[in-house]
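If you read the sequence from its start, that first residue is 1, and numbering goes on from there.
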Amino acid sequence: MTSHGLEYQGCNFFRQRLVLSTLSGKRVRIKGIRSRDDNPGLRDFEASFIRLLDKVTNGTKIEINQTGTVLFYQPGLLLGGTIEHDCNPQRSIGYYLEGLLMLAAFMKTPLKATLKGVTNDPTDPSVDLLKTTALPLLKQFGIDGDGLELKVVKRGMAPGGGGEVLFSCPIRRTLRPVQLTEPGKIKRIRGIAYSVRCSPQMANRIVDSARSVINKFIPDIYIYTDHLKGANSGKSPGFGLVLAAETQKGFFLSAELSSAPQGQGPTILPEDLGKNCAKLLLEEIHRGGCVDSTNQSLALLFMTLGQQDVSKVLLGPLSPYTVEFLRHIRDFFQIMFKMEAKPPLEDERKGGEKVLMTCVGVGFSNISKVTK
């Protein structure tokens, strides 16, 4: 600990640090950002994320040295309101949206964000994935109502982008503690197969091949096809599939795949993409838990920020990203989770090992929301 708050090394887990710094009000200094690289310092997409945080806050102080290898971030107050942001096409809108989802409920005025850029790419969670999994998760914590919406206005595939997404979220004074311990069995599978700037038949081929895998397990499957034309289809061609399995208790486990950006990486047939995505979904279901691996850190953050009461969530195996997130929560909020391994029972086919995460919230409350 220095007088500058928290100090970190390197460019990893950049969003986690800035988001937690903004929520906890603790200053953070990150040193050695790609200092040994041929092209040192912050990348454009990281700078774009900082600009987005600057737009939703008031009084944030950011200092970056000449080479971009040291960042000092002193968080301001979360303001919200209506914002527009051009996301850098190196990463998809999902990269920026994950940060906003963590902050959106604690703004001063409800957030209405228009994000422009790449909606689907192979590295980040796509907007469709976050819509089917993260929004129901927000509702579990009491962030719901008419104001919660995530809408894909235009699709944009990597590398060209040209997509547009509307995200609006109501504000809450406090989050309610949760007990998400029984996921229940899978009752239905929904999905969306999209194709832009290529034959609409692509989406149908994806649907057929995905169904060929999942039909053996469950009859209730519906995969929508989404083929956008003209101005709404962005600047680059591509196709992909997002699948979400819903459990009896209303939890969602999801998987997705999208074609490699034009001119990069190996080309993949829509049939293979559909099959592989279906297998990824089955793997996610095998991991199980009440929250899928993409949204583990979001759930753990909301548990930490909840009222001073016990929250429990059953998760599948923790991803490396989540493990690091838990360390950051300890740094910023001094909250430690109790973790209990739940081995699968012999007679029940419940998939892989589970972890039951328990913590007592810090009682975080939205200081700028007026109590009525």
Side-chain angles (χ1 to χ4, degrees), residues 1-2 4-30 49 53 56-57 60 71 73-75 77-78 95-107 125 130 133-134 137-138 140-143 172-181 289-341 354-367:
M1 282 283 205
T2 62
H4 286 301
L6 293 160
E7 279 219 358
Y8 288 108
Q9 277 283 344
C11 63
N12 267 354
F13 314 107
F14 181 77
R15 289 175 304 165
Q16 288 184 11
R17 290 165 183 168
L18 295 190
V19 164
L20 290 171
S21 160
T22 310
L23 287 168
S24 64
K26 290 184 178 166
R27 294 178 288 188
V28 66
R29 179 188 287 274
I30 303 175
F49 187 75
L53 286 182
V56 296
T57 55
T60 297
L71 165 77
Y73 181 84
Q74 184 172 348
L77 295 172
L78 284 162
Y95 174 87
Y96 301 89
L97 205 51
E98 279 187 305
L100 280 185
L101 283 165
M102 292 178 170
L103 300 169
F106 308 107
M107 301 286 177
L130 293 172
T133 57
L137 184 62
L138 263 61
Q140 298 279 358
F141 287 91
I143 307 168
R172 290 288 173 265
R173 185 159 177 80
T174 51
L175 296 180
R176 62 166 177 241
V178 294
Q179 305 283 330
L180 313 178
T181 51
C290 295
V291 182
D292 68 351
S293 47
T294 325
N295 296 302
Q296 282 175 350
S297 45
L298 186 64
L300 294 172
L301 174 72
F302 284 162
M303 285 165 72
T304 308
L305 298 176
Q307 294 163 33
Q308 290 180 334
D309 202 345
V310 178
S311 281
K312 289 184 179 183
V313 168
L314 186 73
L315 299 177
L318 300 180
S319 68
Y321 188 82
T322 309
V323 173
E324 203 58 44
F325 191 74
L326 287 167
R327 290 180 186 142
H328 282 111
I329 283 179
R330 185 192 58 200
D331 290 351
F332 283 97
F333 289 104
Q334 287 74 52
I335 287 281
M336 303 277 270
F337 280 78
K338 179 179 165 205
M339 302 156 93
E340 297 168 72
K354 310 280 186 288
V355 190
L356 184 64
M357 307 289 287
T358 313
C359 84
V360 176
V362 291
F364 186 89
S365 68
N366 184 344
I367 44 172

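- Between A134 and L298, the shortest heavy-atom distance links the atoms CB-CD2, 4.1 Å.
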From CA spacing to verdict: side-chain contact (heavy atoms from CB on, under 4.5 Å), L326, M339: CA-CA 11 Å; L326 287 167; M339 302 156 93; 4.0 Å; yes
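- Checking side-chain atoms of R29 against main-chain N and O of Y8 turns up no donor-acceptor pair under 3.5 Å.
- Once rounded to the nearest 0.5 Å, the distance linking OH of Y321 with CZ of F13 reads 7.5 Å.
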Worked verdict on L130 versus N295 for side-chain contact (heavy atoms from CB on, under 4.5 Å): CA-CA 8 Å; L130 293 172; N295 296 302; 4.1 Å; yes
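- In terms of heavy-atom proximity, E98 sits nearest to T294 at OE2-O, 4.0 Å.
- For the pair D309 and P177, the tightest heavy-atom approach, listed with the atom from each and the gap, is CB-CG, 3.7 Å.
- Residues M107 and V56 have side chains in contact (heavy-atom distance under 4.5 Å, counting atoms from C-beta outward).
- L301 has its side chain within reach of L20: a pair of non-hydrogen atoms, C-beta onward, lies under 4.5 Å apart.
- Without hydrogens or angle criteria, Q16 side chain to S297 main chain gives no donor-acceptor distance under 3.5 Å.
- L53 has its side chain out of reach of T60: every pair of non-hydrogen atoms, C-beta onward, lies at least 4.5 Å apart.
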Verdict with supporting geometry, L103 and T57, side-chain contact (heavy atoms from CB on, under 4.5 Å): CA-CA 10 Å; L103 300 169; T57 55; over 6 Å; no
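- A donor-acceptor distance shorter than 3.5 angstrom exists from the side chain of R17 to the backbone of N12, with no hydrogens or angles considered.
- When every heavy atom of A299 is checked against every heavy atom of F141, the shortest pair comes out as O-CZ, 3.6 Å.
- Distance check: F14 CZ to I30 CD1 gives 5.5 Å after rounding to the nearest 0.5 Å.
- Between the side chain of K26 and the main chain of F332, a donor-acceptor pair closer than 3.5 Å is present.
- T181 places no side-chain N or O within 3.5 Å of a backbone atom of L314 that could act as its donor or acceptor partner.
- Considering only heavy atoms from C-beta on, S319 comes within 4.5 Å of Q296 through its side chain.
- Taking the centre of each ring, H328 and F333 stay at or above the 6.0 Å mark.
- Using a 4.5 Å heavy-atom threshold, the side chains of V28 and Q74 count as separate.
- Rounded to the nearest 0.5 angstrom, R172 CZ and L305 CG are separated by 15.0 Å.
- Atom OG1 of residue T304 and atom CE of residue M336 lie 12.0 Å apart, to the nearest 0.5 angstrom.
- Between Y95 and F49, the angle of the ring planes goes over 60°, which puts this pair in the perpendicular group of the 30/60° scheme.
- You'll find the side chain of I335 stays beyond 4.5 Å of the side chain of R330, heavy atoms only.
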Stepwise side-chain contact (heavy atoms from CB on, under 4.5 Å) test for V178 and K312: CA-CA 6 Å; V178 294; K312 289 184 179 183; over 6 Å; no
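- Of the possible polar contacts, none joining the T174 side chain to the Q307 backbone as a donor-acceptor pair under 3.5 Å is found.
- Of all the heavy atoms in Q308 and V362, the pair that sits closest is NE2-O, 3.5 Å.
- Minimum interatomic distance between Y73 and S21 (heavy atoms only, all atoms of both residues): CD2-OG, 3.3 Å.
- Aromatic ring centroids of F364 and F106 lie under 6.0 Å apart.
- A 4.5 Å side-chain heavy-atom check between M303 and V313 finds at least one atom pair inside the cut-off.
- Looking only at side-chain heavy atoms (C-beta outward), L300 and V291 stay at 4.5 Å or farther from each other.
- Put simply, the residue from L137, L138, L101 that forms a side chain to side chain contact (heavy atoms under 4.5 Å, CB included) with I143 is L138.
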